[in-house]
Amino acid sequence: MKVVGLTGGIGSGKTTVAGFFKELGIPVFIADDEAKLLMVSNSEVKSAVQALFGEHSYKNGLPERKYIASKVFGDREKLEQLNAIIHPAVARHFESWKEEQVAPYVIYEAAILFESGGYKKCDFNLLVTAPLDRRIERLKKRDKSTLEEIEARMNNQWSDEEKAKLADFIIENKELSSTRKAVHELHETLV
C-alpha cells in the first residue's frame, strides 16, 4: 500500500487537507494525535517522558502539555530527546495501523515529516502551504497563542522553501474551495 506523507508548517491547514482526503474515503493517520494518545496509553513512553522532564510532566496520569512545551520549545536538545521517545513509538503504531487499512493509499500526516526524516518512508510527500499572516491568524484563534509562542513553535520547523525541495506535491491553502479541488485532483493522480 502506498503511503503519502502530508506535512506543512504550523497553521498551514494540514488537518483541513487531511479531512478532504477522509471525505474521499482515504484513511488518514495523524501523527500528532497518535503521539498524544501514546503519551497517555503507552507506559514506556510515559515513563521515558517523566524521566526526561520530571514529575511535573504528568498530573493525574495525563501529560502537562504546556509544561512540557515550555521545556522543549526553548531548548532544541530537549526537543530532540522528546522526539527520540515519541517518534519511534508513533512509527511502530503507524505500521500496525497501516496493515489494517484497505485503500489505494493512506495519508500519514506529520508536522515535522521532513525534519524527522519520516518522509523517506513515504512513497510520495505532499506539502501544504499558506501565507504566513494567515497561519498566524489561524493559530491565534485556534490555540489562543501569543505571537511570541507562535514564532517559537515556527522556529522549530523548517521553512516552506526548505520543505518544498523534498515535496512531490504542493497545495497552497488559501481558499477552502480551491484547496478541496486540489485535493480531488491529487487524489485522481494518486489513484
Side-chain angles (χ1 to χ4, degrees), residues 1-46 48-49 63 79-80 82-130 135 138 142 153 156-191:
M1 177 174 302
K2 289 201 179 342
V3 176
V4 178
L6 168 62
T7 194
I10 187 168
S12 63
K14 295 180 299 296
T15 304
T16 298
V17 169
F20 292 154
F21 279 104
K22 281 183 187 178
E23 289 173 4
L24 296 169
I26 299 302
V28 176
F29 183 93
I30 309 269
D32 287 348
D33 291 350
E34 297 300 327
K36 289 174 187 171
L37 290 172
L38 290 171
M39 286 181 73
V40 174
S41 64
N42 185 305
S43 59
E44 290 176 23
V45 169
K46 191 173 177 178
V49 170
L79 178 61
E80 289 173 7
L82 177 62
N83 287 341
I85 295 167
I86 303 295
H87 290 188
V90 170
R92 287 189 299 274
H93 185 60
F94 171 72
E95 288 304 318
S96 61
W97 173 87
K98 183 175 76 169
E99 295 303 316
E100 299 170 4
Q101 307 310 311
V102 179
Y105 64 94
V106 297
I107 299 289
Y108 180 87
E109 188 263 285
I112 57 171
L113 185 71
F114 293 126
E115 295 90 332
S116 69
Y119 74 97
K120 295 173 187 171
K121 296 179 183 176
C122 300
D123 298 290
F124 301 101
N125 292 287
L126 167 60
L127 172 63
V128 179
T129 64
R135 291 172 58 197
R138 289 174 187 159
R142 184 187 80 191
R153 291 164 71 187
N156 282 304
Q157 294 183 348
W158 290 4
S159 69
D160 286 346
E161 292 77 20
E162 290 172 287
K163 292 176 185 179
K165 293 174 188 172
L166 298 172
D168 298 294
F169 307 102
I170 299 172
I171 291 178
E172 187 172 23
N173 181 27
K174 283 185 178 178
E175 301 298 326
L176 287 180
S177 60
S178 60
T179 300
R180 179 179 268 117
K181 182 179 180 211
V183 168
H184 280 257
E185 290 171 357
L186 179 55
H187 173 70
E188 291 302 317
T189 299
L190 293 168
V191 171

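Please read all numbers here as calculations on a predicted model, not as lab measurements. Heads up: numbering here begins at 1 and tracks the sequence.
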Subject >> Stepwise side-chain contact (heavy atoms from CB on, under 4.5 Å) test for Phe29 and Val90 >> reply: CA-CA 10 Å; Phe29 183 93; Val90 170; 3.8 Å; yes
Original post:
Passes salt bridge (Lys or Arg N to Asp or Glu O under 4.0 Å), Lys165 versus Glu161? Steps please.
Top reply: CA-CA 7 Å; Lys165 293 174 188 172; Glu161 292 77 20; over 6 Å; no
**OP:** Let me see the working for Ile170 and Thr129 under side-chain contact (heavy atoms from CB on, under 4.5 Å), right down to the final yes or no.
**Re:** CA-CA 7 Å; Ile170 299 172; Thr129 64; 4.1 Å; yes
Original post:
Met39 and Val49: side-chain contact (heavy atoms from CB on, under 4.5 Å), yes or no, with the steps?
Top reply: CA-CA 8 Å; Met39 286 181 73; Val49 170; 4.2 Å; yes
**OP:** Let me see the working for Tyr108 and Lys98 under side-chain contact (heavy atoms from CB on, under 4.5 Å), right down to the final yes or no.
**Re:** CA-CA 10 Å; Tyr108 180 87; Lys98 183 175 76 169; over 6 Å; no
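Counting only heavy atoms from C-beta outward, the side chains of Val4 and Val106 never approach each other to under 4.5 Å. Between Asp160 and Ser12, the closest side-chain pair of non-hydrogen atoms is not below 4.5 Å. Put simply, the side chain of Arg92 does not reach to within 4.5 Å of the side chain of Ser96, judged on heavy atoms. Looking at heavy atoms from C-beta onward, Val45 lies out of side-chain contact with Val40 at the 4.5 angstrom threshold.
The two residues Pro104 and Met1 have their closest heavy-atom pair at O-CG, 4.5 Å. Pairing each heavy atom of Ala35 with each of Ile86, the nearest pair is CB-CG2, 3.4 Å. Of all non-hydrogen atoms in Cys122 and Asn125, the two that sit nearest each other are CB-OD1, 3.5 Å.
Side chain of Ser178 to main chain of Lys174: no donor-acceptor pair is present (N/O by atom type, distance under 3.5 Å, no hydrogens or angles).
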Under 3.5 Å donor-acceptor pairs involving side-chain atoms of residues 13-28, not counting sequence neighbours:
| from | atom 1 | to | atom 2 | distance (Å) |
| --- | --- | --- | --- | --- |
| Lys14 | NZ | Gly8 | O | 3.2 |
| Lys14 | NZ | Gly9 | O | 3.4 |
| Glu23 | OE1 | Arg180 | NE | 3.4 |
| Glu23 | OE1 | Arg180 | NH2 | 3.4 |
| Glu23 | OE2 | Arg180 | NH2 | 3.2 |

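Rounding to the nearest 0.5 angstrom, the gap separating the CD atom in Glu109 from the CD atom in Glu34 is 11.0 Å. Here the CG atom belonging to Leu190 is positioned 4.0 Å from the CG atom belonging to Leu186, to the nearest 0.5 angstrom. In this structure, the separation between CD on Gln157 and CD on Glu115 is 6.0 Å, given to the nearest 0.5 Å. Remark: Thr7 OG1 to Leu127 CG distance equals 7.0 Å, nearest 0.5 Å. The distance from the CG atom of Leu126 to the NZ atom of Lys163 is 12.0 Å, given to the nearest 0.5 Å. The distance from the CZ atom of Arg135 to the CD1 atom of Ile10 is 8.0 Å, given to the nearest 0.5 Å.
Few gaps surround CD on Glu95; more than 12 heavy atoms of other groups in view lie less than 6.0 Å from it.
Side-chain contact annotation: Ser159 with Glu162, donor-acceptor N/O pair under 3.5 Å present. Using a 3.5 Å distance cut-off with no hydrogens or angles, the side chains of Thr179 and Asn173 do pair a donor with an acceptor.
By the side chain to side chain contact (heavy atoms under 4.5 Å, CB included) test, Asp32 is found to be paired with Ala111, residues two or more places apart in sequence or in another chain being considered.
Using the six-membered ring where Trp is involved, Trp158 and Phe114 have ring planes that are parallel, under 30° apart on the 30 and 60° scheme.
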